[in-house]
Structures are given as structure tokens and as C-alpha cells.
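Since the structure comes first, as C-alpha cells, the remarks are kept for the end.
Everything quoted here is computed from the prediction, not taken from an experiment. Quick note on labels: first sequence line is chain A, next is B, and so on, each numbered from 1.
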Amino acid sequence: MTTTTHDHHDDHAHHGPAKGLARWLFSTNHKDIGTLYLWFSFAMFFLGGVFAMVIRAELFQPGLQLVEPAFFNQMTTMHGLVMVFGAVMPAFVGLANWMIPLMIGAPDMALPRMNNLSFWILPFAFAMLASTLFMEGGAPNFGWTFYAPLSTTYAPPSVTFFIFAVHIMGASSIMGAINVIATIINMRAPGMTWMKLPLFVWTWLITAFLLIAVMPVLAGVVTMMLMDIHFGTAFFDAAGGGSPVLFQHVFWFFGHPEVYIMILPAFGVVSAIIPAFSRKKLFGYSSMVYATASIAFLSFIVWAHHMFTVGIPFAGELFFMIATMLIAVPTGVKVFNWVTTMFRGSLTFETPMLFSIAFVVLFTIGGFSGLMLAVAPADFQYHDTYFVVAHFHYVLVPGAVFSIMAAAYYWLPKWSGRMYNETLGKTHFWLSFVGVNVTFFPQHFIGLAGMPRRIPDYAVQFADFNMVSSIGAFLFGASQLLFLFIVIHTIVAGKKAKAKPWDGAEGLEWTVPSPAPFHTFDTPPKVD
Amino acid sequence: MSATSDNHASEHEHYFVPAQSRLPIYTALAMFLMVYGAGSMFNAMTQGHDSNGEWIMFIGFLGLAFVLYQWFSAIIKENHAGLVGDQLNRSYVWGMSWFIFSEVMFFFAFFGALFYLRTFVGPWIGGEGAKGVTNMLWEGFEYSWPMLSNPDNDAFVPPHDVINPWHLPLINTLILVTSSVTLTIAHHALEAGKRKQLNIWLGATIVLGLVFLFFQAEEYIEAYSHLGLTLASGIYGSTFFMLTGFHGAHVTIGTFMLIVQFFRSLRGHFEPEDHFGFKASAWYWHFVDVVWVCLFVFVYIL
Amino acid sequence: MPSKLLKGGVALFAVLLSAVTQADWTLNMPQGVTDISDQVYSLHMLTFWVCVGIGVVVFGVMFYSIIKHRRSKGAVADNFHESTAVELAWTLIPAAIIVYIGIQAFPVLKNMYDFEDSELTVEIVGYQWKWRYTYLSDDPTQQVSYFSNLATPAEQIRNRTDKGENYLLEVDEPLVLPVGSKVRFVLTAADVIHSWWVPQLGVKKDAIPGIVNESWTIINEPGIYRGQCTELCGKDHGFMPVVVQALPQAEFDEWMAGKKEEAAKLAELTQKDWTYDELMEVGESVYQKNCASCHQANGEGLPPTFPALKDSPIATGDVMAHIDIVVNGSAQNPAMAAFGPQLSEVDLAAVITYERNAWGNDTGDMVTPVDILNYNAGQ
Ligand code: HEA
Ligand code: HEA
Ligand code: CUA
Ligand SMILES: [Cu+2]
């Protein structure tokens, strides 16, 4: 095989990347694999975005215009799945791959070949998922939460492929997470003690723990579906002593931590960028670490807040309501720390900082609506309406996605060795900022006014806001084409970047040249 | 924070970063073929038509077996070549530990389902507790565990009887617990450098594993052919076979891992202080053992 | 540059905002017509204002820093980065706020879970894609039960005619409830999970197959209240509205008596001699209401998911097989539900007759309600 087994260290570690396609297919280099992850997630963001555009186009006006209801449901489902599992999660894994070794002074990820495997599973998994669109009976049409029995007894045959796609995506995530944990625990440079770790590393460590704890549960629940569909088991069928509600409990035991998997690394990114452009140390480093850990812990005991209306007994409702609201406390600590970091700093507003500030504001708005949802009696009115859709897009789009964009602008000089164009970057920011708010803010109103989610057609009183929302969505979507242009433009024609392009930035990643050489920290740096 | 990159080569150990490798992407391809084949096969089975799914799955499986063989061989070679230092060894240790933790969580999903069904759903359908009204749909159904009667006995034909925990399952429990002991003895022998002892006790563990699997198969045959206890006989059968079935699959994998270690030992692999492959297999075995004990208590006895 | 864009953004928002104030759009949760919905509204506003308050403080400090502490204004960074006292404060204060909200929510939640002492119990069953309402009674023969289907015509949905005022929120037969008395709901479903929601009542509860949920309401004002199914339940999830008509007790009783009479008449109808034309006429309307969502008005279905009935082997073949699949549903595919329990003998006979003769199927067969009775007796 291709493994080099020549006698000892030294020579092999320093050869550069292989030529051509082989470099990417067979890579064991954390930077190349990180790049693969990032491009893959970008592609998936566009694919999921195209599905979203179909949704918004159909909802532009009341009445059925473009697509049939059956296809609309497939769009909603695939949009949710592709965005969550294809765009946001892989983007953060890509960032982890690139940045964690650089931030802790490690030569690579702990298990480089497994790293490559975790990545290459994904294109296969998503090819299989996307191919369901062309299967008889259509793609999965039961929502990204795939509640049984709509997703079992009443599902199209493609559900079987969906299940297996989820299985192997889960395998990819678990391997990725194991790699992150092994790297952080075991590969820190001498002197890089726990309480010196950059917050991005901390948040990823905790995220990886969440991943290992909940992805197997997701695998478990889809396996039960598989058995119900093909082997006559009764897990989700009361006629045999099971219950459809069992599905929801197991799913949300995964599903709720999953949403924090999509936001904790974002907290890490923002905690790196805000101090850099405030030229001031992050306020309350240690409380940030503890807050992250508390959020992770709490995320395991709040899952049933997605199920307030399924009829769990009173004591359960009460418990899950209080536990859920408690998450606002550690999250608040984070928000306050960011704001205090900016307070009395020396601020400048380059593109990464703009995205980070927007993150703090808009994520907090999303968090507020989350807190409102957590109030169980009120959730009876909010549940499964566009108010929920507004909530989670505020935490996911100007939350998770903005943080990813901020990270891309912030570290692009390190990755590519070139600076992006600041004017274009700011234009992209402002278009996205306006677009995202025009898209999702009115959804609060239509939700409160009573529009259920996952419907292809709606009553006439929701018409105006839906039109506004669709216009915003087209604007936001189109501005992402600008983002793609900016990234490509930077890589091919950007100005050369310095090793440390941001005067306020801190961290080991800025001690290596830009672009970061193929191999870094073969000899660990010394941190004091 | 400042960093210096002056040469500490003398104090630090070089972390082995493997060169490019074709193994991972082949693994991904093989996994894909396997699940794609399995998907086609299952759909064909349920819809009652033909497909070539089983062949695709089989090819994927062979491919996976072949690639993994290469992969593990490569790691063993690297180790023999002295490329694996303490630090990388620790990475393997962490990797395996967290992998086992993920397996724990996989079983947790099924155990959690079992607890939820038994403490809440069953009584509710039977008319007790906070949601006892549910019984209006299933009049006449009384809940008891093990369930020898289902809410709808036409849709899910219930079993006549369930497995008696004090026969085969008890024997199997003793077998597995013993196997954990024999494996530990083998491990001590390995650490003491006693190769022959190691082989004997490791061999004994493998035999115990195989006997366990044999009895398990026996039990399944009994359940299907005499007790009417099947996957489709209601939630008792569903949880019973899911839990014991996935456990059995893990025993199979564990036994296979031990067999590999046995042959490696015959070839003279392993040093008293360097035998990660053996250790990892042993941990896995103990994990499988603990799962069984939980199963014995919660699935068979209670 | 950024400030220009900022101004542009602000201007855009201003335009939108003024548009908002001009149109009479609903922006907020309805206060509703029950005590519960009113209490929920108050909770909603409470948490809303709490969030606004916190938002003002947090964003206030933030924008203060953005404006005052920018480097272009010559700000020099301070270097404080820790303060246990401050951190303790901003942990404890939000915690206290949460406890306060929890205390406010507790009695409302408790009240929602009090299903005792109801004067009337209505069973609500979700079907793909309609509701069945049954007024439970100790004497099962006296129980009134009927389906409630979407009444918006396909022409409006397909944009061929103008949309009505209650587009998608109108049904053929609403759930009729008395004002001022406690009505308990027991909810379940026949196929997949649905969720029964009427915002004005503050009632939303999932209808789950095989499981029974409870909920209740006391409506304070007569009127018509509209809602929708709020759990994704397949293709026509967006097309299964809920309409409740609340009547004063006396009118309600009258309505109830009328309903019972209707049921008695229906039983008579079964025995009457039906002509082919009568059956075809009833059959067409039954078909449009119950079958067209899948098999389509023109009988061509949506293959491969929903088979065509035009020229279908069953609809043009053995009559018994046809009756069987309609009455008992399909053994292979649960989407084709058993309509025996859902439709009257008259409706079943009519729809089968219709299917066997419409769209050029022209078998000439006629199935009468008595045939259905005989078929059921034979089972
Ligand atoms: C990144 C993803 C993400 C994040 C971070 C969150 C964060 C939160 N979410 Fe959200 N949520 C989703 C993604 C996310 N959510 C998704 C995808 C769904 C829908 C799934 C589906 O059905 O498809 C959902 C649905 C959802 C529901 C179910 C709604 C329903 O279906 O009826 C609820 C209910 O409790 C909820 C609550 C919360 C809460 C309390 C938080 C908290 O963590 C928020 C905490 C943050 C703040 C509160 C702001 C900052 C704090 C302060 C400034 C301190 C002071 C504040 C106070 C004291 C108020 N979420
Ligand atoms: C991280 C996750 C994530 C992200 C980033 C997004 C991004 C977007 N989402 Fe959402 N969404 C979810 C997660 C996410 N979503 C989930 C989990 C659900 C629930 C699913 C369910 O109910 O099961 C959901 C559901 C959902 C709905 C409700 C559907 C329904 O209930 O029926 C809507 C409706 O407006 C919507 C809209 C959008 C829009 C307009 C964007 C935009 O931000 C997307 C913008 C991106 C692009 C457009 C791509 C880039 C541009 C191009 C490719 C160029 C082409 C562009 C044009 C032609 C203009 N999403
Ligand atoms: Cu019924 Cu949605
Ligand atoms: Cu949640």
C-alpha cells in the first residue's frame, strides 16, 4: 500500500502535496481535508439554498403555482436535511480540521487517515440522499424530523436509502469527533494547558463530545424505523405495544443536542474574532468555558420542549419548560462577555467583525424567541407555526451560517495566503444582513398570526408578509453568489497576505506564514 | 501567548503523520456499496420484486473486509517499523475509548426505548396512569410484561411464551462473565511475557465466545419455531430481538477481533508493554460483556 | 461605504415599517375567546417585553461601544478582562427572571391539564386529510359523528378563480360547540400524526394514531373560529382546516337534535330504492370530497403514488374486489384507507357506482346501499 514505512521520521513529513486529483482523494493532511470539507459544505449550502428558493417561490403568493404539494414536502425535507447535515455540520468540521492543529501547535490531526475517511463518506452519503429525488415515489417527504408513522408505514420507498444515508453520515460525524477529541487531548504543544486553549478549540472539544453522545442515538432511531418498515417490528405502532411518541423522544434526544452542535463552534469563532477587532482580551475566558460546558450538559435534559403538544404528562412539561429556560443563563453569559469585550476596546469593522457583531445581535434575537418557545403554555400557540421557523432560522442563518462566513473572511488569508477585497466583503455583509432580516423577521408575524409550517399554500391574510419574506430570500440567496465570487477572486487574484493580517489577532495560527505551509509544527512550538 | 519554534527535537517525540493513502476512500466506496445494496435489497424484499441489491451489498462487504485488512496490516507494519510512538499510541487509546463510548450510546437508545415503553407506554395503553384514556382505543387490553397479548392481536400475533431466563440465558451469562475473566488472565500473561499462557487463555475466551453465539442461535431458533416469539410479535419481540440481536452482532465482531489477536499472537506479535491491538479488543470484549449483563437483567429477568 | 449602506438599510426598513402600519395585518398572537387563550396571550406578552427589555440593555451597551469605542475615533483599548462580581450578577439576574416567568406560567399550564368536570366530550380523529368529530355519549346509538372536509374548491387553489375570504380555512361541516360549558376533547388519529389547532381557543393538541390525548375548552363568545392541522401529515397537510362554530346552548341543542334526525333519515335512505342517476349524482360529490385528493377529479390519479381509477383493473373488473378495497382499504398500501368506517352505505354504494361508470369506465354496473349491507353482513 501507499503508506510510507521508511525507517524513521524526518524525511517523509516534509514532502509537499501530491499532484493532481490524488492530492485530494488520498489526502492525510489536515489542511487539505479541511479545504475539502469547506468546499463540500459550500456546495451543499447552495444545494440546500436552491431547495429553499423553490419553497420561497411557491410561497410567494397563495395558491399552487410552481410545484405540487407532494413535491413541496420533499423540498422542505431535503432543505432541512441538506442544510443541517450537509452545510453547517461539515463546515464546522472543516474549520476544525484547518484550525485546531494550527491553534494548539499540532503537526496534524491525531488520526489522519480516519480523517480522510470521515470526509469521503459524505459525498457518497449525500449523493445517495440526493438521488432519492429521482426515485419512484419521490424523495423523503416527512420533514427533517421524520416523525413516524409518516416516515415508516406511510413513507415512499426511498426512505430506506435515506435511513442508510443517515447511518453513514453518522459514522462520518462520529469518526470526525473522535479525531477532534484525540487531537485536542493528546496533541497540544508543550505549555498549551487547558485554560490556554483558544475558545474555538474548547467549544469544539465539547461539541465533539455531544456528537459522540448523540449521533449513535440517531443511528438507533433510524434503525428502529428500518425494522418497522421491513421486519414488522412494533416500535412506533401502538397496535403492537409501541408508540409514535417513542420516535419523537429518541429523535429529540439526538435532535436537541444537535442544534447546539451547530452553534457551539460558532460561539468559538466569534470568541476569536471579537477580541481581535476590539484589540482587547476576551472578557471572562474561564466563564466562557464553563458556560459552554453547562449548555452542553443542559442540552441533554431539555429535548421534550419540541414535544409540548404531543401530550406528555404535566410534570414532564413543567420539568422540560424550566430546564429549557435555564439554557438562557449560560448563553446569556456568553453574550454579555462578548459585549463587554467590545466595551472600551478599540474597534474596527472589517468584514469578519461585521459578521460577528451581526451574529451576536441576531443570534440573541433568535435566542429570545427560543426562550418564548420554551414557555410551555405559550408554545401550544407557537408550535409548528412560522414563529418556530423564524426562531430557528435566526439562530441558524445569521447564527451558525454568519459565524462560518466570519470565519471564512477571518482565516481566508491564512488558508489562501491572499486577502479578500474589503469593499466586496462589506457589500456581501450588508446585502446578507438586510436579506436575512427581510426574509425571516416577517415570519415571526405570520407565525403568530397563525400560519402553520410545512404547507405549500396558505390563507390570504398571510399573503403580504410571505411575499416580503420571499423577496428577502431571493436577495439573501443572490448575495451568496457574491460570496462565492469573493472567495474565488481571493484565491486567484487576491493581494498577498501577511502572516498576521489582523493587528489585534492572537493565537498560534498567526505565527506561521500565510498561506500556512503544507506541514506546520512538525516540531511543537513552545507556549508560555 | 507567544510561540517559539526553535528546535526541541531532542526532547520531543516526532508524531507520525502517514503519507497519502488510498485506503480511506476505498473504505468509503465499499461502505457506500454495502448500504446502497442493502437498501435495494430491503426495498425489493418488502415490495416483493427482484433486485441485485444483495450482490452489490456482498461486493461492498468483501471490499470493506479487504480494505480494512490492508488498513490494519498497514498500522501493524508501521508499529513494527517503530513509527508509532507513545503519543500516537495515546491517540489510538483515546480513539478506541471514544468509539466504545459511542457504542454505549447506541445501546442506550435501545435501552431507553425499552424503559420508556415499559414504564409509560404499556401502562397507558393498558388504561393506567396519566394517559390511561388511551385504553378507549384498545378495550380489553391489559398490560403486563412480558407481553403475551398485544393491543391488536391480529396485526401483531403475540408469542405463546417467552424465553426462560434461568436456562440458556443464565448459562450464557456465566459463559460471558467467565470469558471476561479468561481474557483478563490472558492479558496478564501477555504482560508477564508468557506467550503460551496467553495463547491458551485467549483461545479459551474465543471458544467461550463461540459457544455463547451457538447458544444464542439455539435460543433464537427456539423462539421462532416453538414460542412464536418473533420480531413481528409485538413490542416484546421487537425489543427482545433488537437488543439481543445487536448484542449478538457485537459479540460476533468481538470474537472476530479476538481471533485476529490470536493469530497475531501465534505469529509472535505483541510485546509486554506494547500490544494495543490486544488491549483494544479486550476493552471491546468487556464492553460487550457489560451490555450482556444489563440485557440479562432488564430483558430477560425483569 | 458602510454608513451609506446602513442608511440604505434603514431606509428600506422604514419603508417596510410604514407599509406595516398602513395595512391591517395581524402581527401578533390573537387574544382569543377563552380564558386560557387570554392567559397564554399575557404570558406571551410578558416574555416578549422581558426579551425586549434585555435586548435594549444588551444592544444598548453594544452600540454604545460601537459608536464610542471605535479606533477611528481614537479609542485605545482598555485591558480589563475579568470581574467575578459582574459575572455573578449577570448569571443570577437572568436566572431570577426565568424563575419569575416559570412561576407565571405554572398555573396556566396546570389549568390546561385539568380535564375534569366536562359537560360534553368530543372525540376528534385525524384522517389524511380531514377530521372526524364524534359527540361521545353513553348510548352509542345516539352518538352524532361526521367528517369535516376542506370546502375550498380546487379552482381557487389552482388560481383559476379568485380566492374567497376564508380561502383554505373553510369546511363543509364545522365542529359545533356550545358556548360557556366545558368541552373535553379526546384526540387520536387513524393514520399518521395530525394536530388540531384553533388559535382563538388556545387549544393545540396532537392527534396520534393508537394513542389518545386530552384537551379542553370553555368558549366565552359565540362565533366561528378557524385553525389548521399543524403536524405534517403528508401531501395535503396544508389542506385540512379546523373550523369551530360556537353557538349559545339553546341553539346548540337545536342543532344537535337536527343532527340526530338526519342520522335517522340516513338509515332510512339505505333501504330506499336507488336509481342509477341518483347514485351517480351522490357518487360524484362523495368522490370529489373523499377520493379526488389522491385519485384526482379526472380519475387519472398521480401514478405511481396514487393509481388511476380510469380504466383500472379493479374499477372495471370484479365488483366484489372493488367493494372490498373501498370498504376495507388496501392490504399493501395504507394510503388507501378503509372507507367502510368513514362513509355511510349510501355514500359507499354511490361512489363505487360512480367510479365504475365515470371517465369512460362505462361498466354499466350499479351498486346499491343494500349490496354494501349484504357485503358487510357476509364478512
Ligand atoms: C443553532 C440552533 C439552535 C439554537 C442555538 C437554539 C436555541 C434555543 N432554542 Fe431552538 N430550535 C432550533 C435550533 C436552535 N435553537 C431548531 C432547528 C428548532 C426547530 C426544530 C424543528 O422542529 O424542525 C428549534 C425549536 C425550538 C423549540 C421548539 C418549538 C416548537 O417546535 O414548538 C424550543 C422550545 O422550547 C426552542 C427553544 C430554544 C431555546 C430556549 C434556546 C436557547 O438556547 C437560547 C438561549 C439564548 C438566549 C435566551 C439569548 C441570549 C441570552 C441573554 C441575552 C441572557 C438573558 C436572557 C433572558 C433571561 C431571557 N427551540
Ligand atoms: C442551517 C440550516 C438552515 C439554513 C442555512 C437555512 C436557510 C434558509 N432557509 Fe431553511 N430550514 C432549515 C434549516 C436551514 N435553513 C430547517 C432545519 C428547516 C425545517 C425543515 C422541515 O420543516 O423539516 C427549514 C425550513 C425552511 C422553511 C420552512 C419550510 C416549510 O415549513 O415548509 C423556509 C421557508 O421560508 C426556509 C427558508 C430558508 C431560506 C430562504 C434560507 C436561505 O438562508 C438560504 C440561502 C442560500 C441560498 C439561496 C443558496 C445560494 C445561492 C444560490 C444557489 C444562487 C441561486 C439563488 C437565487 C436564484 C436567488 N427554510
Ligand atoms: Cu393533518 Cu397535517
Ligand atoms: Cu431544542
Quiz item: Is B:Tyr92 close to A:Leu111 at the side-chain level, that is, under 4.5 Å between some pair of heavy atoms?
Solution: yes

Quiz prompt | Residue-level contacts of residues 231-239 of chain A with chain B, using a heavy-atom cutoff under 4.5 Å | solution = A:Phe231, A:Gly232, A:Thr233, A:Ala234, A:Phe235, A:Asp237, A:Ala238, A:Ala239

Exercise. Pick one of side chain, backbone, both or neither for B:Thr239, based on which atoms fall under 4.5 Å of a heavy atom in chain A.
Key: both

Practice problem: Please flag which part of B:Ala130 lies under 4.5 Å from any non-hydrogen atom of chain A: side chain, backbone, both or neither. | Solution: side chain

Quiz item: Among A:Thr183, A:Val245, A:Ile185, A:Leu226, which has the most heavy-atom pairs under 4.5 Å with chain B?
Solution: A:Ile185

Quiz item: In terms of heavy-atom pairs under 4.5 Å, which option from B:Ser91, B:Ala38, B:Gly237 contacts chain A the most?
Solution: B:Ser91

Self-check item: Any side-chain heavy-atom pair of A:Ile212 and B:Met105 under 4.5 Å
Solution: no

Self-check item: Winner by heavy-atom pair count (cut-off under 4.5 Å) against chain B, out of A:Thr28, A:Ile163, A:Leu25
Solution: A:Thr28

Quiz prompt | Partner of B:Trp98 by side chain to side chain contact (heavy atoms under 4.5 Å, CB included), out of A:Ile178, A:Leu211, A:Val180 | solution = A:Ile178

Quiz prompt | Contacting region of A:Ile174 [heavy-atom separation from chain B under 4.5 Å] | solution = side chain

Quiz item: Side chain, backbone, both or neither: which part of B:Phe246 has a non-hydrogen atom closer than 4.5 Å to chain A?
Solution: side chain

Self-check item: Heavy-atom closest pair, residues B:Gln20 and A:Ala22
Solution: OE1-O, 3.1 Å

Exercise. Using non-hydrogen atoms and a 4.5 Å limit, figure out which bit of A:Phe124 sits close to chain B: side chain, backbone, both or neither.
Key: both

Quiz item: When heavy-atom pairs shorter than 4.5 Å are enumerated against chain B, which of A:Ser243, A:Ala171, A:Pro216 gives the highest number?
Solution: A:Pro216

Quiz item: Which bit of B:Leu231 comes within less than 4.5 Å of chain A, counting heavy atoms only: side chain, backbone, both or neither?
Solution: both

Quiz item: So what's closer than 4.5 Å to chain A heavy atoms on B:Phe106: side chain, backbone, both or neither?
Solution: both

Quiz prompt | Under 3.5 Å donor-acceptor, A:Asn116 side chain and B:Pro24 backbone | solution = no

Practice problem: Kindly determine whether A:Trp120 and B:Tyr26 satisfy side-chain contact (heavy atoms from CB on, under 4.5 Å), including the steps that lead there. | Solution: CA-CA 9 Å; A:Trp120 277 106; B:Tyr26 289 170; over 6 Å; no

Exercise. Please answer whether the main-chain N or O of A:Pro313 pairs with a side-chain N or O of B:Lys131 as donor and acceptor at a distance below 3.5 Å.
Key: no

Quiz item: Which region of A:Met175, side chain (C-beta onward) or backbone (N, CA, C, O), has a non-hydrogen atom less than 4.5 Å from a non-hydrogen atom of chain B, or is it both or neither?
Solution: neither

Quiz item: Do A:Pro157 and B:Gln47 touch side chain to side chain, with heavy atoms closer than 4.5 Å?
Solution: yes

Quiz item: Would you say B:Ser21's side chain and A:Arg113's backbone share a donor-acceptor pair under 3.5 angstrom?
Solution: no

Practice problem: Answer with side chain, backbone, both or neither: which region of B:Ile125 has an atom nearer than 4.5 Å to a non-hydrogen atom of chain A? | Solution: side chain

Quiz item: Which bit of B:Ser40 comes within less than 4.5 Å of chain A, counting heavy atoms only: side chain, backbone, both or neither?
Solution: both

Quiz item: With side chains defined as the heavy atoms from C-beta onward, is the minimum distance between B:Val35 and A:Phe161 less than 4.5 Å?
Solution: no

Quiz prompt | Contact check, side chains of B:Val121 and A:Leu246, non-hydrogen atoms, under 4.5 Å | solution = no

Self-check item: Candidate pair B:Tyr116 and A:Phe253, rule ring-ring contact (aromatic ring centres under 6.0 Å, His included), full reasoning
Solution: CA-CA 13 Å; B:Tyr116 176 72; A:Phe253 185 85; over 10 Å; no

Practice problem: Select, from A:Met187, A:Arg23, A:Met227, A:His30, the one with the greatest count of heavy-atom pairs under 4.5 Å involving chain B. | Solution: A:Met187

Quiz item: If you tally heavy-atom pairs under 4.5 Å against chain B, which of A:Asn29, A:Thr160, A:Asn179, A:Val214 wins?
Solution: A:Thr160

Quiz item: chain A heavy atoms under 4.5 Å from B:Leu29: which part of the residue, side chain, backbone, both or neither?
Solution: both

Practice problem: Please determine, among A:Val159, A:Val221, A:Thr223, A:Asn115, the option with the most heavy-atom pairs under 4.5 Å with chain B. | Solution: A:Thr223

Quiz item: Ring centroid separation for B:Tyr36 and A:Phe164, is it under 6.0 angstrom?
Solution: no

Self-check item: Interface moiety of A:Ile181 toward chain B, non-hydrogen atoms closer than 4.5 Å
Solution: side chain

Exercise. Answer with side chain, backbone, both or neither: which region of A:His167 has an atom nearer than 4.5 Å to a non-hydrogen atom of chain B?
Key: neither

Self-check item: Between B:Trp94, B:Phe107, B:Phe42, B:Phe32, the one whose heavy-atom pairs under 4.5 Å with chain A are most numerous
Solution: B:Phe42

